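Here is the naming used below: chain letters follow the sequence lines, and residue numbers restart at 1 for every chain. Computed from a prediction, not measured in an experiment: that's the story for all the values here.
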2 protein chains.
Amino acid sequence: MSAELSEMPEFSPRQNEVLEQALKLLVDGGEKALTTSGLARAANCSKESLYKWFGDRDGLLAAMIAHQASKVRTFERGSARLTPDLLREHLETFGRDLLEVLSGEVSLALNRLAIGQASREGSKLGRLLIEHGRRQIDRRAIGLMEAGRRAGLLRFHDADSAYHTLYGLIVSDLHVRMLLGEPGLKDNQRQAARAVDAFLQLHGVSTDTGGAQRASAGR
Amino acid sequence: MSAELSEMPEFSPRQNEVLEQALKLLVDGGEKALTTSGLARAANCSKESLYKWFGDRDGLLAAMIAHQASKVRTFERGSARLTPDLLREHLETFGRDLLEVLSGEVSLALNRLAIGQASREGSKLGRLLIEHGRRQIDRRAIGLMEAGRRAGLLRFHDADSAYHTLYGLIVSDLHVRMLLGEPGLKDNQRQAARAVDAFLQLHGVSTDTGGAQRASAGR
DNA sequence: CCTGTTGCGTACCGTACCGTACGGTTCCTA
DNA sequence: TAGGAACCGTACGGTACGGTACGCAACAGG
């Protein structure tokens with residue numbers, strides 16, 4: 001689908017290469033490790049080029065976010081005739097993908113960066129990250145919600161609200177904990193399955209999909 | 001109750017005064033604004049004293065977390081004979097308090113600080129923050145869970161897991177969004193009520209507490 | 001009154017980083 | 001082949017911060 005293809009600043013291959021190096025530096029060294037000199041050295045380019053291309057250090061950071069977001073395209077499902085089991089499967093896949101993305105090294109590093117800068121500058125990076133990084137996955141989920149309702153499998157007043165419920169059930173406080181440095185889950189699939197069970201118990205139609213509830217073991 | 005009164009480093013009144021100033025600087029300037037010189041100037045003390053008292057800049061940050069945590073004592077409810085309505089009320093109060101704490105300026109600033117430092121140094125601050133800032137509130141919630149089960153009002157296999165479900169329903173992605181700079185909710189009470197509704201639908205006993213479900217409007 | 005302690009104010013040092021400038025090299029184009 | 005643009009590597013200036021050292025005032029006890 002790809003309604004509007006976002007403002008497309010898009011960078012040259014060489015610039016993308018540099019941005020990739022920048023992400024690498026950021027991931028395994030934190031913001032402190034991402035210096036213009038260090039990036040120039042690591043990427044075999046000159047500082048002058050960095051400032052010519054990205055204008056500013058903040059411009060570099062914004063470019064990194066745009067670059068990373070451009071890599072995480074999520075496909076809108078063609079959605080061939082939803083069945084209860086198919087809906088559950090799509091929801092679980094969504095949950096697993098969400099956890100996978102949120103626990104990714106690059107995502108964590110960028111979120112840490114934006115959060116660190118959130119105090120000053122009116123949280124420009126934060127808004128950028130929410131816009132670019134979130135819109136895609138939100139769209140996918142809400143599409144799924146409404147497809148489920150159209151198929152008579154889900155029941156809710158507000159798709160956005162239902163989506164936030166699903167999100168909370170899947171992620172809980174895990175995202176913040178990982179941002180603070182705790183390790184992620186061992187089994188994202190299991191967590192997604194449990195969350196979807198609960199979600200369907202809340203918003204699924206009474207004819208439950210495939211055998212009441214599943215196993216629900218401890219965290 | 002206050003079982004163990006935590007390791008009690010505890011600081012002198014003068015030191016607490018300085019720590020308070022440090023929090024103030026951190027809150028409305030971010031980490032960049034919290035410099036030793038700036039703190040010395042703002043708190044009318046000398047840098048030498050800062051280093052004598054806290055040893056290090058990281059020591060200062062840790063002291064700030066400990067100091068803030070020492071202010072947020074949460075009372076264990078005496079829990080006089082739980083009724084369904086009382087349980088719901090306690091859960092909603094817990095949810096509102098949780099949202100209130102998480103959206104507090106100081107909490108956000110400290111979380112941002114710890115998250116910014118999470119990459120380097122093995123996320124020492126992050127662990128500190130989770131330990132000091134979270135244990136109290138976790139205890140309170142889990143106590144509530146188990147009291148509810150003992151009274152035959154809640155049904156779950158694992159109190160910890162149920163608590164995380166409640167947490168996710170209450171907070172969803174709001175915490176991260178606020179950390180990124182977005183404003184909080186207008187009505188925490190409403191959000192708490194909706195979360196508790198869903199939670200009781202999942203883990204409450206069939207005899208629902210007072211009239212099926214309440215209103216559930218859009219976010 | 002003398003002396004030791006505590007803490008304030010400030011000057012200072014080394015370092016690191018942002019941003020710019022300059023010389024040299026490669027590659028494209030006329 | 002000549003000219004120019006883009007880029008690399010590096011060096012430099014300005015600034016700011018962490019941490020230390022020194023001078024001085026207030027105050028306690030003998």
Q: Rounded off to whole Å, could you give me the CG-to-P distance for the B/L50 and D/dT20 pair?
A: 12 Å
Q.
Rounded to whole Å, please give me the gap between NZ in A/K32 and P in C/dT15.
A. 16 Å
Q. Which whole-number value in Å describes the distance from B/L39 CG to D/dG19 C1'?
A. 14 Å
Q: Indicate for each nucleotide in nucleotides 5-10 of chain D, in 5' to 3' sequence, whether protein heavy atoms under 4.0 Å reach the base (B), only the sugar-phosphate (S), or nothing (-).
A: --SBB-
**Q.** Polar side chain donor-acceptor pair, A/R194 to B/S161, under 3.5 angstrom
**A.** yes
Q: Can you establish whether the number of heavy atoms outside A/R41 located under 6.0 Å from its atom CZ is more than 12?
A: no
Q) Taking the six-membered ring for Trp, is the centroid-to-centroid distance between A/H90 and A/F94 below 6.0 Å? A) no
Q) Which whole-number value in Å describes the distance from B/L61 CG to D/dC17 C1'? A) 14 Å
Q: Can you tell me the distance, in whole Å, between the OH atom of A/Y51 and the P atom of D/dG13?
A: 17 Å
(Q) Side-chain N or O of B/S37 versus OP1/OP2 of D/dC17: is the shortest distance under 4.0 Å? (A) no
Q: Give a yes-or-no answer on whether the side chains of B/Q201 and A/Q201 include a donor-acceptor pair shorter than 3.5 Å.
A: no
Q: Verify the distance criterion only: is there a donor paired with an acceptor across the side chains of B/Y163 and B/D138 at less than 3.5 Å?
A: yes
Q. For the pair made of CG in A/D58 and C1' in C/dC17, what is the distance, rounded to whole Å?
A. 14 Å
Q.
In this structure, how many angstroms lie between the C1' atom of C/dG7 and the CD atom of B/E17, rounded?
A. 13 Å
Please tabulate, one pair per line, all N/O donor-acceptor pairs under 3.5 Å involving side-chain atoms of residues 62-72 of chain A, not counting sequence neighbours.
| from | atom 1 | to | atom 2 | distance (Å) |
| --- | --- | --- | --- | --- |
| A/H67 | ND1 | A/N16 | OD1 | 3.2 |
| A/H67 | NE2 | A/E20 | OE1 | 2.6 |
| A/Q68 | OE1 | A/K71 | NZ | 3.1 |
| A/S70 | OG | A/H67 | O | 2.6 |
| A/K71 | NZ | A/E20 | OE2 | 3.1 |

